[in-house]
Engineer: 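Quick one: structure below, then a few questions.
Values below: every heavy atom of this structure, side chains too, minus hydrogens, waters and symmetry copies.
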Amino acid sequence: MTTIQDVARLAGVSVSSVSNVLNGRSDRMRQDTFARIEGAIRKLDYRPSQAARQLKTGRTPILGLLVPTAANPSFGQLAVAMENFAQERYGYRVLLCNTYRDKQLESRMLDDLIDFGVGAVVVVSSLSDERHIEAAIERGLAVVSFDLGVEPDAQIRNDHVLADNRLAGRLAAMHLIEHGHKRLAFLVPRGQTMSRRHKVEGFLAAAEEAGSGVSAEIIESDTLSKFGDTELCSLGFESAEKILQMKRRPTGVATVNDMTAIGLMAGIRRHGLSVPEDISVVGMDDLVMSAYVWPPLTSVSMPVTEMAQKMVDRAIQHINTPGLRPEQITFAPHLVSRQSVGAPPGARKPAQRNHAKQS
């Protein structure tokens with residue numbers, strides 16, 4: 001059986017150096033030394049005893065990830081990005097837990113993770129009461145919050161990694177305005193989260209700043225569950241009828257995420273209209289599937305991979321450096337233009353309208 005001493009001899013380093021790599025404490029290590037150790041680990045196919053590691057350190061090489069539900073593809077995309085990076089860079093696995101935005105369930109999961117020897121967790125939550133998270137931090141659990149910012153005057157108790165959601169809303173509105181749309185709408189589930197609220201604020205601000213007769217309104221749709229995490233496609237699909245019956249029907253609609261946008265486009269087609277010939281649609285998230293629906297969906301892309309890597313880095317740093325000062329880290333989204341946005345119906349030239357009918 002290969003031992004850590006075998007890896008150290010092959011790499012020409014000390015056992016402690018190999019141990020530092022295995023435990024994610026290689027920030028100050030020279031790159032060539034790190035490469036030799038990784039090469040030796042791969043060549044010898046070394047697998048450290050996880051039971052022995054936990055007995056020695058009191059920690060297991062697992063990061064927790066609490067999401068509302070993996071039924072939302074954006075959270076699945078986040079989990080994959082975290083898992084890949086955590087395993088490749090630190091030898092950690094990711095344990096995915098569905099909380100359904102339930103405080104009691106979320107609290108029990110945090111307790112379980114601590115009992116299992118998990119040292120850090122990424123939490124995707126919108127709960128206003130975070131006393132259970134604060135209690136977990138007091139017990140030594142490092143917490144990184146995803147997509148939940150801190151108000152300017154609030155005390156930061158843990159790391160926060162998020163996209164600039166106000167900018168996301170602004171990008172969606174500006175893209176529609178640049179294509180000539182003056183009647184805009186933003187479709188959102190009724191259950192508000194901070195990220196949804198910030199997207200709406202950015203959208204409305206961009207419309208107001210555009211002037212020139214540009215108007216924007218918010219369309220809230222009821223869901224069976226409080227936040228509608230598992231109903232996003234059907235929410236968009238059913239909302240199409242409400243939008244099409246409006247007296248001043250919007251010509252450009254942004255949605256809070258891609259799943260809602262995909263459902264909305266299907267609902268518009270069900271009523272005999274077309275995207276973007278009759279209504280333009282912009283989503284948010286830039287899910288992989290968004291490039292393959294019809295028409296391909298224009299979307300505000302969130303840098304999920306980069307955010308996932310930063311959260312893993314910060315989680316491991318907090319495990320290795322207790323008392324590390326928490327930070328709020330914001331990433332900028334960007335717009336990916338596809339075929340779901342065009343000029344509003346009244347602004348198209350005759351040739352464009354004829355082409356739309358033929359297609």
Side-chain angles (χ1 to χ4, degrees), residues 63 65-89 93-98 122 124 144 146-147 161-165 167-169 171-172 175-176 186-189 193 195-196 199 203 227-237 239-240 252-269 274-276 279-313 330-342:
L63 297 178
L65 172 59
L66 272 57
V67 303
T69 170
N72 185 333
S74 64
F75 297 139
Q77 186 172 309
L78 174 67
V80 169
M82 279 186 58
E83 175 86 59
N84 289 339
F85 185 70
Q87 177 61 26
E88 292 173 5
R89 183 69 178 87
R93 295 293 186 186
V94 172
L95 179 61
L96 178 65
C97 307
N98 296 284
V122 171
V124 184
V144 180
F146 175 69
D147 207 29
V161 175
L162 66 155
D164 186 337
N165 288 301
L167 177 58
L171 289 172
H175 189 69
L176 291 169
F186 195 102
L187 177 60
V188 62
T193 66
S195 64
R196 292 176 185 177
K199 289 173 182 177
F203 187 84
F227 292 96
D229 292 298
T230 61
E231 309 164 48
L232 299 176
C233 256
S234 60
L235 181 148
F237 188 80
S239 296
V253 180
T255 65
V256 74
N257 51 54
D258 283 359
M259 296 302 292
T260 302
I262 291 170
L264 174 62
M265 291 197 299
I268 291 170
R269 289 194 298 271
S274 299
V275 176
I279 297 180
S280 289
V281 177
V282 178
M284 293 187 192
D285 286 336
D286 193 30
L287 298 175
V288 172
M289 69 180 74
S290 299
Y292 301 99
V293 298
W294 188 257
L297 177 64
T298 293
S299 183
V300 179
S301 179
M302 305 297 183
V304 173
T305 298
E306 292 80 1
M307 289 190 289
Q309 292 178 355
K310 175 59 69 174
M311 289 190 293
V312 170
D313 280 337
T330 305
F331 288 77
H334 66 277
L335 187 131
V336 178
S337 178
R338 298 191 180 98
Q339 287 104 303
S340 66
V341 174

Engineer: Output all residues satisfying salt bridge (Lys or Arg N to Asp or Glu O under 4.0 Å) with D147, sequence neighbours left out; order by chain, then residue number.
Structural biologist: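 For D147, no residue satisfies salt bridge (Lys or Arg N to Asp or Glu O under 4.0 Å) once neighbours in sequence are set aside.
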
Engineer: Looking at side-chain heavy atoms only, is the closest gap between M311 and L78 below 4.5 Å?
Structural biologist: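 Yes. Closest side-chain heavy atoms under 4.5 Å.
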
Engineer: With a 4.5 Å heavy-atom cut-off, do V293 and D258 have their side chains touching?
Structural biologist: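 Result no, sub-4.5 Å side-chain heavy-atom pair not found.
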
Engineer: How long is the straight-line distance from CG of N84 back to CZ of R89, given to the nearest 0.5 Å?
Structural biologist: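 Rounded to the nearest 0.5 Å, the CZ-CG separation comes to 15.0 Å.
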
Engineer: Using the ring-ring contact (aromatic ring centres under 6.0 Å, His included) criterion, which residues pair with F203? Sequence neighbours excluded.
Structural biologist: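 Here the qualifying residues are F186.
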
Engineer: Residues in side-chain contact (heavy atoms from CB on, under 4.5 Å) with V336, at least two apart?
Structural biologist: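 So V336 forms a side-chain contact (heavy atoms from CB on, under 4.5 Å) with D286, S301, H334, R338.
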
Engineer: Report the distance from atom SG of C97 to atom CG of L65, rounding to the nearest 0.5 Å.
Structural biologist: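 Here the rounded value is 7.5 Å.
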
Engineer: Which heavy atom of P189 sits nearest a heavy atom of R196, and at what distance?
Structural biologist: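 Shortest heavy-atom contact: CB-NH1, 3.6 Å.
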
Engineer: Can you tell me if T69 uses its side chain to pair, donor with acceptor, with the backbone of N98 under 3.5 Å?
Structural biologist: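 Checking the backbone N and O of N98 against the side chain of T69, no donor-acceptor pair under 3.5 Å is found.
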
Engineer: What are the two closest heavy atoms between L176 and G252, and how far apart are they?
Structural biologist: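 So the minimum-distance heavy-atom pair works out to CD1-C, 3.8 Å.
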
Engineer: Any heavy-atom pair between the side chains of V161 and V144 that's under 4.5 Å?
Structural biologist: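 Side-chain contact under 4.5 Å: yes.
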
Engineer: Write down the atom of G342, the atom of S280, and the distance for their closest heavy-atom approach.
Structural biologist: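 Nearest heavy atoms, G342 then S280: N-OG, 2.9 Å.
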
Engineer: side-chain contact (heavy atoms from CB on, under 4.5 Å) with D313: which residues, sequence neighbours excluded?
Structural biologist: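 side-chain contact (heavy atoms from CB on, under 4.5 Å) list for D313, sorted by chain: F85, Y90, Q317.
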
Engineer: Could you work out, with side-chain contact (heavy atoms from CB on, under 4.5 Å) as the rule, every residue matching Q339, not counting sequence neighbours?
Structural biologist: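 Applying side-chain contact (heavy atoms from CB on, under 4.5 Å) to Q339 gives P295, P296.
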
Engineer: Quick one: do L287 and I262 satisfy side chain to side chain contact (heavy atoms under 4.5 Å, CB included)? Show the steps, please.
Structural biologist: CA-CA 11 Å; L287 298 175; I262 291 170; 5.6 Å; no

Engineer: Carefully, step by step, assess L162 and S195 under the rule side chain to side chain contact (heavy atoms under 4.5 Å, CB included).
Structural biologist: CA-CA 9 Å; L162 66 155; S195 64; over 6 Å; no

Engineer: What closest approach, in Å, do P333 and V300 show between heavy atoms, and which atom pair accounts for it?
Structural biologist: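 It is CB-CG1, 3.8 Å.
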
Engineer: Is the closest side-chain heavy-atom distance between V282 and S340 below 4.5 Å?
Structural biologist: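 They are not in side-chain contact.
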
Engineer: Could you tell me the separation between the CG atom of L297 and the OH atom of Y292, rounded to the nearest 0.5 Å?
Structural biologist: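 L297 atom CG to Y292 atom OH measures 13.5 Å (nearest 0.5 Å).
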
Engineer: For F331 and P303, work out which heavy atoms get closest and say how close.
Structural biologist: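 Answer, listing the atom of F331 first, then P303: CB-CG, 3.5 Å.
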
Engineer: Starting at CE of M259, measure out to CZ of F237 and round the result to the nearest 0.5 Å.
Structural biologist: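 Reported value, rounded in 0.5 Å steps: 13.5 Å.
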
Engineer: How long is the span from the CE atom in M82 to the OG1 atom in T305, to the nearest 0.5 Å?
Structural biologist: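 It is 12.0 Å, given to the nearest 0.5 Å.
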
Engineer: Of all the heavy-atom pairs spanning V288 and Q77, show the shortest one and how long it is.
Structural biologist: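 Heavy atoms of V288 and Q77 come nearest at N-OE1, 4.1 Å.
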
Engineer: Between the side chain of D285 and the main-chain N/O of S299, is any donor-acceptor distance below 3.5 Å?
Structural biologist: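 Not at all, since once roles are kept as given, no pair shorter than 3.5 Å links the two residues.
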
Engineer: Tell me, which pairs form a salt bridge (Lys or Arg N to Asp or Glu O under 4.0 Å) where one or both residues lie in residues 75-85, sequence neighbours left out?
Structural biologist: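 Qualifying pairs, neighbours excluded: E83-R93.
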
Engineer: Distance from K199 atom NZ to D164 atom CG, nearest 0.5 Å?
Structural biologist: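 Here the interatomic distance stands at 11.5 Å.
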
Engineer: For T260, which residues count as a side-chain contact (heavy atoms from CB on, under 4.5 Å) partner, sequence neighbours excluded?
Structural biologist: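 T260: side-chain contact (heavy atoms from CB on, under 4.5 Å) contacts with L187, L232, L235, T255, V256, N257.
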
